[in-house]
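Worksheet for the structure shown next.
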Amino acid sequence: RDAQESRGLGDVYKRQLGYSEDFLKSKYDEIVAFSEIGPFIDMPLRNYSSGMVTRLAFSIATVVVPEVLIVDEVLSVGDAAFQEKSLSRMMGLMSGGTTVIFVSHNLEQIRKMCGRTLWLEHGQILMFGDTRTVLDAYKKV
């Protein structure tokens, strides 16, 4: 088995994100520190909880400044401190030019983060526009 895989940084993330083994090794400490799963990093990935996997995936995906970042409910993972740290990182990426597609049911997080909002229901676009306008309409339904 690959040494990094047994340490939680499996091939799945390297392939999905296009990172090289050398790159992940150079960012290893930063990824582990941000994810806050250090005590468990030597466990096989298959033994991680879904929250641990999400923390690790978010940490790997944001270790660089991507052009586009798609996150799905990532700010609902972990304790309040980790959620705030993740929100801060995403806001930093957005202010640096990264386009973030943020998927969430948390209206307060959407209000904080998004300038424009797309409301989908059963795969159909119900509304797209200014976040406040879309959320006000959503709350009426």
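Y138 is listed as a side-chain neighbour of L107, based on a closest heavy-atom distance under 4.5 Å. Between F58 and V71 the shortest side-chain heavy-atom distance falls below 4.5 Å. Contact check for I110 versus T131: side-chain heavy atoms found under the 4.5 Å cut-off. Side-chain contact between V63 and Y28: absent, with no pair of heavy atoms (C-beta onward) separated by less than 4.5 Å. At least one side-chain heavy atom of L56 sits under 4.5 Å from a side-chain heavy atom of L45. You'll find the side chain of Q109 reaches within 4.5 Å of the side chain of F102, heavy atoms only. At a threshold of 4.5 Å between non-hydrogen side-chain atoms, the residues L24 and I60 count as touching. Between I125 and L120, the closest side-chain pair of non-hydrogen atoms falls below 4.5 Å.
Contact record, W119 with V141: CH2-CG2, 3.6 Å, taken as the closest heavy-atom pair.
Linking ILVMFWY side-chain heavy atoms closer than 4.5 Å, directly or via other members, places V64 and V32 in a single hydrophobic cluster. Cluster membership for V65 and M113, using ILVMFWY side-chain heavy atoms within less than 4.5 angstrom, is shared. The cluster map of Ile, Leu, Val, Met, Phe, Trp and Tyr, joined by side-chain heavy atoms under 4.5 Å apart, puts F23 and I41 in the same cluster. Under a hydrophobic clustering in which Ile, Leu, Val, Met, Phe, Trp and Tyr are joined whenever their side-chain heavy atoms come within less than 4.5 Å, directly or via other members, V53 and M43 fall into the same cluster.
A distance of 13.0 Å separates CZ in R116 from OG1 in T133, rounded to the nearest 0.5 Å. Distance check: M52 CE to N47 CG gives 9.0 Å after rounding to the nearest 0.5 Å.
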Report all side-chain donor-acceptor pairs from residues 91-100 shorter than 3.5 Å, counting only partners two or more places apart or in another chain.
residue	atom	partner	partner atom	Å
S95	OG	M91	O	3.4
S95	OG	G92	O	3.0
T98	OG1	P66	O	2.6
T98	OG1	L93	O	3.4

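Cation-pi contact between R55 and F82: present, with separation from the ring centre below 6.0 Å and deviation from the ring axis of at most 45°.
With hydrogens and angles ignored, the 3.5 Å screen pairs a side-chain donor or acceptor of S59 with a backbone N or O of S35.
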